[in-house]
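To start, the structure under review is shown below, and the notes come after it.
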Amino acid sequence: MRPVLLLLLLLLLAVVVSAEPKVPAVYVFGDSTADVGNNNYLPGDDAKANFPHYGIDFPHQRPTGRFSNGYNGVDFMAIHMGFRRSPPPYLSIVNETHTPILRGLRGVNFASGGSGILDTTGSTITMTKQVQDFAALASNIVSHTNASRAKYLLSRSVFLISSGGNDVFAFFFATNSSPSAAETQQFYDAMVANYSIHLKALYDLGARKFALIDVPPIGCCPYSRSQHPLGACIDGLNGLAKGVNDRIKLLLANLSSKLDGMRYTIGSSYNVVLSMIADPAGVGYKDVKSACCGGGKLGAEAGCSPNTTYCGNRNQYLFWDRIHPTHATSARAGLAFYGGSLEFAAPINLKQLVEE
Ligand SMILES: *[C@@H]1O[C@H](CO)[C@@H](O)[C@H](O)[C@H]1NC(C)=O
Ligand SMILES: *[C@@H]1O[C@H](CO)[C@@H](O)[C@H](O)[C@H]1NC(C)=O
Ligand SMILES: *[C@@H]1O[C@H](CO)[C@@H](O)[C@H](O)[C@H]1NC(C)=O
Ligand SMILES: *[C@@H]1O[C@H](CO)[C@@H](O)[C@H](O)[C@H]1NC(C)=O
Ligand SMILES: *[C@@H]1O[C@H](CO)[C@@H](O)[C@H](O)[C@H]1NC(C)=O
């Protein structure tokens with residue numbers, strides 16, 4: 001490339017990278033689809049990703065605790081909102097006393113792999129605890145600014161929640177993969193009631209702009225497919241995921257009509273992933289069934305670790321490990337949630353939420 005063109009390109013990149021954030025801060029809650037390293041700080045917990053081959057496509061090939069070969073979906077959404085990537089994990093900044101974060105800027109990521117909407121799901125940092133941690137931060141922000149400034153900043157910041165998949169897995173397997181209609185109804189009711197409690201708690205602490213990511217079709221991840229004799233999707237899991245998503249959609253419509261000033265978008269990872277599986281060639285994928293990193297049937301019998309192999313053409317795989325998407329998939333999902341049509345983000349997309 002000619003030097004002048006290269007220079008222009010670098011300048012352009014510099015402009016894109018140093019774009020002003022479009023919101024004061026992003027606060028992130030949820031599970032391994034959003035975790036950027038909180039679990040690294042937990043002793044003896046299984047749900048970790050701070051070892052190779054995780055992070056192989058992250059800057060400096062660094063495993064950070066993200067369940068991805070590179071960035072996750074939260075990173076890409078943050079990038080679209082003008083940040084470098086996801087805000088840092090809460091446990092990495094919890095003892096800091098001088099940071100823009102304490103003045104209500106940039107934000108924090110509270111997400112913890114293995115957690116769910118229900119406190120009974122998983123053994124890591126529950127959603128209730130994540131919201132409590134945010135409450136502590138919020139009062140810290142008030143003392144580093146003042147009440148009216150904190151209120152102003154929080155009301156313009158984005159509260160991003162990506163959770164629910166682990167609840168579905170836990171419920172499904174607890175019922176031996178064949179929940180009754182009554183059990184399923186009870187599960188939906190608990191999910192809606194608990195999700196509602198978390199959202200109201202955040203609203204009461206000053207949150208106004210909510211960005212939820214729905215439950216992906218977890219019946220189609222390599223782990224689920226590996227349990228099927230023919231490697232097909234487990235329909236029961238997808239049905240539950242869709243059932244939860246439909247009810248959360250109604251809950252949000254209901255809540256936002258009652259809570260003054262509440263705005264929201266729901267990014268549909270369910271529709272994004274299914275659309276990729278329906279048309280792999282459309283996104284340039286060669287493999288939408290198996291894990292790039294792992295071992296055994298569909299790369300899903302062994303979790304991704306230094307002991308397993310990984311694929312070379314990672315941009316052609318939907319899944320990185322037996323549960324989680326690749327950097328490439330997360331990039332497409334992040335774009336769809338940010339600027340996509342109603343199929344992928346409703347009732348408005350993240351860009352509209354940010355600009356309101
Ligand atoms: C924060 O401080 C507490 C109390 O001193 C300590 O136990 C904890 O390990 C510290 N956390 C980090 C991430 O440094
Ligand atoms: C929240 O979910 C738990 C199950 O984890 C359930 O026992 C509880 O009743 C739910 N809370 C509400 C308010 O429904
Ligand atoms: C709160 O802080 C803002 C900006 O830091 C300042 O402009 C405002 O006067 C302060 N309000 C009060 C009541 O102290
Ligand atoms: C909205 O929520 C209220 C309680 O908060 C409930 O009584 C009502 O049935 C809900 N409506 C819908 C459409 O979900
Ligand atoms: C990798 O293999 C070694 C030796 O067999 C074993 O001790 C270790 O637990 C394995 N690590 C993982 C993450 O499976």
Side-chain angles (χ1 to χ4, degrees), residues 24-25 29-31 35-45 48 50 64-65 87-106 108-112 114-134 136-157 161 163-175 179-180 182-204 206 215 240 243-244 247-248 250-252 254-255 258:
F29 306 83
D31 57 24
D35 192 348
V36 293
N38 279 308
N39 281 10
N40 301 355
Y41 294 86
L42 304 183
D45 180 75
K48 284 202 173 86
N50 55 349
T64 59
Y90 178 65
L91 292 179
S92 76
I93 58 99
V94 65
N95 291 335
E96 289 194 20
T97 50
H98 294 288
T99 151
I101 288 168
L102 295 176
R103 298 195 309 274
L105 304 177
R106 195 173 171 204
V108 173
N109 187 322
F110 299 92
S112 170
S115 70
I117 295 300
L118 307 177
D119 285 352
T120 46
T121 296
S123 56
T124 50
I125 310 167
T126 62
M127 187 65 79
T128 301
K129 178 73 168 80
Q130 293 179 33
V131 173
Q132 281 165 3
D133 288 342
F134 171 72
L137 176 71
S139 67
N140 234 326
I141 292 173
V142 171
S143 52
H144 282 79
T145 56
N146 60 47
S148 64
R149 171 89 178 144
K151 185 177 173 203
Y152 171 88
L153 290 172
L154 292 179
S155 71
R156 280 160 178 76
S157 296
I161 307 174
S163 187
N166 289 326
D167 302 286
V168 173
F169 270 129
F171 169 68
F172 189 68
F173 293 124
T175 57
S180 70
E183 286 168 329
T184 300
Q185 189 55 51
Q186 231 170 34
F187 170 66
Y188 289 152
D189 290 347
M191 287 293 280
V192 169
N194 279 267
Y195 216 138
S196 176
I197 288 170
H198 301 313
L199 292 167
K200 277 195 196 132
L202 291 173
Y203 178 90
D204 288 340
V215 181
L240 287 170
V244 168
R247 285 162 182 80
I248 298 305
L250 290 178
L251 168 68
L252 268 286
N254 194 346
L255 278 182
K258 287 190 300 215

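One-based numbering, in listed order, for ligands and for the atoms of each.
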Check step by step if side chain to side chain contact (heavy atoms under 4.5 Å, CB included) holds for E183 and F171.
CA-CA 9 Å; E183 286 168 329; F171 169 68; 4.1 Å; yes
After noting the C-alpha distance and the side-chain angles of L202 and F134, does the key distance pass the side chain to side chain contact (heavy atoms under 4.5 Å, CB included) rule?
CA-CA 8 Å; L202 291 173; F134 171 72; 3.8 Å; yes
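Set against the non-hydrogen atoms of L91, the atoms of ligand 1 under 4.0 Å away are 13 (C).
Legend: residues meeting side-chain hydrogen bond (donor to acceptor under 3.5 Å, both in side chains) with T64, ordered by chain and number and at least two apart, are R66. Listed by chain and number, the residues in a side-chain contact (heavy atoms from CB on, under 4.5 Å) with I197 amount to none (sequence neighbours excluded).
Screening residues 120-132 for salt bridge (Lys or Arg N to Asp or Glu O under 4.0 Å), with sequence neighbours left out, gives K129-D133.
Looking at Y41 next to ligand 1, no N or O pair under 3.5 Å apart turns up. In terms of polar-atom proximity, R149 is not counted as a contact of ligand 3, lacking any N or O under 3.5 Å from an N or O of the ligand.
Open room surrounds CD on Q186; 12 or fewer heavy atoms of other groups in view lie less than 6.0 Å from it. Annotation for Y152: atom OH does not count as buried by contact number, only 12 or fewer foreign heavy atoms lying within 6.0 Å.
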List, for ligand 2, each N/O atom that has a protein N/O partner under 3.5 Å away, with both atom names and the distance.
residue: ligand 2; atom: 2 (O); partner: N194; partner atom: OD1; Å: 3.4
residue: ligand 2; atom: 2 (O); partner: N194; partner atom: ND2; Å: 2.3
residue: ligand 2; atom: 5 (O); partner: T120; partner atom: OG1; Å: 2.7
residue: ligand 2; atom: 11 (N); partner: N194; partner atom: ND2; Å: 3.0

